[in-house]
J.: 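The structure under discussion is supplied below as structure tokens; questions concerning it will follow.
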Amino acid sequence: MRFDHSTTIQAAPERVWEVFSDVERWPDWTPTVDSVERLDAGRIHVGARTRIRQPKLPVAVWEVTELKEGEYFEWVSKAPGIKTTGGHRVISTPDGTVATATIVQEGPLGWLFGRLYANLTKNYIATETQKLKEISESRQSAG
């Protein structure tokens with residue numbers, strides 16, 4: 001199962017990327033994340049691991065599997081029978097910066113988890129992109 005949500009943000013792509021990729025600060029701006037614990041130091045990089053607690057979901061450890069600085073990162077969390085991939089993309093367009101959050105559920109139990117949590121997942125990624133828009137635009141005007 002795949003879930004995507006995009007929003008157009010009136011802020012520079014560098015600003016949006018700065019907020020989106022600073023995963024340690026997510027609890028500061030989105031109510032969909034209770035806590036974030038980086039399991040290694042520095043900025044995100046391929047192989048970086050992060051433990052995330054979210055309301056109504058099991059605690060998950062995410063490992064960055066793809067990264068194109070300033071544009072995209074993808075990370076994966078695995079549990080028995082389930083592989084969840086989260087994508088975070090920032091693209092500059094003539095209308096503004098488009099930020100997209102993606103969740104893909106795979107594996108023998110992935111479809112079931114995806115179906116059981118579909119409404120929650122859709123709500124979370126929509127909330128996250130909306131809050132990303134708000135914080136990025138407010139920082140843009142302050143900067």
Side-chain angles (χ1 to χ4, degrees), residues 1-79 82-107 109-143:
M1 295 196 84
R2 180 183 180 102
F3 306 93
D4 294 286
H5 195 272
S6 297
T7 193
T8 301
I9 301 171
Q10 300 307 312
E14 298 81 11
R15 177 72 70 192
V16 178
W17 176 257
E18 175 188 349
V19 176
F20 215 6
S21 66
D22 188 0
V23 298
E24 287 179 289
R25 296 206 187 279
W26 285 3
D28 297 345
W29 56 265
T30 182
T32 63
V33 177
D34 288 332
S35 69
V36 172
E37 179 188 358
R38 286 289 310 279
L39 303 178
D40 44 44
R43 293 196 43 78
I44 62 167
H45 56 273
V46 172
R49 295 174 60 238
T50 304
R51 180 178 292 116
I52 297 184
R53 295 183 196 293
Q54 294 184 269
K56 303 177 185 175
L57 290 173
V59 174
V61 173
W62 295 84
E63 182 173 342
V64 176
T65 55
E66 291 184 40
L67 171 69
K68 185 168 184 184
E69 186 63 37
E71 295 181 24
Y72 181 73
F73 80 94
E74 181 175 285
W75 57 9
V76 172
S77 178
K78 295 179 181 176
I82 303 170
K83 175 184 171 188
T84 304
T85 302
H88 312 80
R89 184 174 303 278
V90 174
I91 299 172
S92 179
T93 74
D95 296 325
T97 301
V98 176
T100 303
T102 303
I103 292 289
V104 178
Q105 299 282 353
E106 299 174 289
L109 298 178
W111 68 271
L112 178 60
F113 190 87
R115 183 164 292 219
L116 291 173
Y117 287 91
N119 288 336
L120 184 68
T121 300
K122 290 175 192 173
N123 182 356
Y124 276 15
I125 64 174
T127 298
E128 289 162 9
T129 56
Q130 180 58 41
K131 293 297 184 180
L132 175 64
K133 175 181 175 70
E134 291 172 15
I135 192 73
S136 296
E137 289 178 350
S138 70
R139 285 190 182 178
Q140 183 76 7
S141 61

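Index from 1, following the sequence. Only a predicted model underlies this, so the values are computations on that prediction, with no experimental measurement involved. In what follows, every heavy atom counts, from backbone to side chain, and hydrogens, waters and symmetry copies are set aside.
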J.: Distance from Thr121 atom OG1 to His5 atom NE2, nearest 0.5 Å?
T.: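 Spacing of OG1 (Thr121) from NE2 (His5) equals 13.0 Å.
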J.: Between Trp62 and His88, is the ring centroid distance below 6.0 Å?
T.: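 Between Trp62 and His88, the centre distance exceeds or equals 6.0 Å.
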J.: With a cut-off of 6.0 Å (strictly less than), are more than 12 heavy atoms of other residues, nucleotides or ligands near CZ of Arg53?
T.: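 Not more than 12 within 6.0 Å, no.
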J.: For the backbone of Asp95 and the side chain of Gln10, can you confirm whether one donor and one acceptor N or O come within less than 3.5 Å of each other?
T.: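 Answer holds: yes.
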J.: Rounded at 0.5 Å granularity, tell me how far OG1 in Thr102 sits from CZ in Arg2.
T.: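 Reported to 0.5 Å precision, the distance equals 5.0 Å.
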J.: Is the backbone of Ile91 close enough, under 3.5 Å, to the side chain of Tyr72 for a donor and an acceptor to pair up by distance?
T.: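 Checking the backbone N and O of Ile91 against the side chain of Tyr72, no donor-acceptor pair under 3.5 Å is found.
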J.: Which atom names give the shortest non-hydrogen contact between Phe113 and Pro58, and what distance separates them?
T.: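 Scanning both residues completely, I find the closest heavy atoms to be CZ-CD, 4.3 Å.
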J.: Does a side-chain heavy-atom distance below 4.5 Å link Val90 with Glu71?
T.: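 When only atoms from C-beta onward are counted, Glu71 and Val90 do not touch, as no gap falls below 4.5 Å.
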J.: Can you measure from CD1 (Ile82) to CD (Gln105) and round to the nearest 0.5 angstrom?
T.: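 If we round to the nearest 0.5 Å, Ile82:CD1 and Gln105:CD are 6.5 Å apart.
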J.: What's the shortest heavy-atom distance between Gly47 and Asp40, and which atoms?
T.: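 So the two residues come closest at O-OD2, 3.9 Å.
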J.: If every non-hydrogen atom of Leu67 is compared with every non-hydrogen atom of Ile44, which pair is closest and at what distance?
T.: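 Of all heavy-atom pairs spanning Leu67 and Ile44, the closest is CD2-O, 3.6 Å.
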J.: Would you call Val33 and Ile52 a side-chain contact if the rule is heavy atoms closer than 4.5 Å?
T.: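 Yes, their side chains come closer than 4.5 Å.
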J.: Kindly say whether Val61 contributes a backbone atom to a donor-acceptor pair with the side chain of Ser77 at under 3.5 angstrom?
T.: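 Looks like yes, one N/O pair under 3.5 Å.
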J.: Before giving the answer on side-chain contact (heavy atoms from CB on, under 4.5 Å), spell out for Thr50 and Val36 the whole-Å C-alpha distance, their side-chain angles and the decisive distance to 0.1 Å.
T.: CA-CA 7 Å; Thr50 304; Val36 172; 3.4 Å; yes
J.: Quick one: pull up CD in Glu74 and OG1 in Thr65 and give me the separation to the nearest 0.5 Å.
T.: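 Separation between the atoms: 4.5 Å.
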J.: Check Leu120 against Pro55 and note the closest heavy-atom contact, atom names and distance.
T.: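 Closest approach of Leu120 to Pro55, heavy atoms only: CD2-O, 4.4 Å.
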J.: Mind listing the closest non-hydrogen atom pair of Ile9 and Ala99 along with its distance?
T.: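 Answer, listing the atom of Ile9 first, then Ala99: CD1-CB, 3.8 Å.
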J.: Side chain to side chain donor-acceptor pair (under 3.5 Å) between Ser21 and Arg43: does it pass, once the steps are laid out?
T.: CA-CA 8 Å; Ser21 66; Arg43 293 196 43 78; 3.1 Å; yes
J.: Please name the pair of heavy atoms, one in Phe20 and one in Ala101, separated by the smallest distance, quoted to 0.1 Å.
T.: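 What the structure gives for the nearest pair is CZ-CB, 4.4 Å.
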J.: Looking only at atom types and distance, does a side-chain atom of Thr30 sit under 3.5 Å from a main-chain N or O of Trp26, one as donor and one as acceptor?
T.: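 No; zero donor-acceptor contacts below 3.5 Å.
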J.: Between His45 and Val64, is any pair of side-chain heavy atoms under 4.5 Å apart?
T.: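 No, every pair of side-chain atoms sits at 4.5 Å or beyond.
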J.: Does NZ in Lys131 sit with more than 12 non-hydrogen atoms of other residues, nucleotides or ligands closer than 6.0 Å?
T.: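 Check fails, neighbour count at 12 or below.
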J.: Compare all side-chain heavy atoms of Val23 with those of Trp75 and state whether any distance is below 4.5 angstrom.
T.: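 Val23 reaches Trp75 side chain to side chain.
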J.: Working to the nearest 0.5 angstrom, can you tell me the gap between Thr127 OG1 and Lys122 NZ?
T.: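 It comes to 13.5 Å.
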J.: Measure the spacing between CG of Leu57 and CG of Asp34 and express it to the nearest 0.5 Å.
T.: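 Between atom CG of Leu57 and atom CG of Asp34 there are 9.5 Å.
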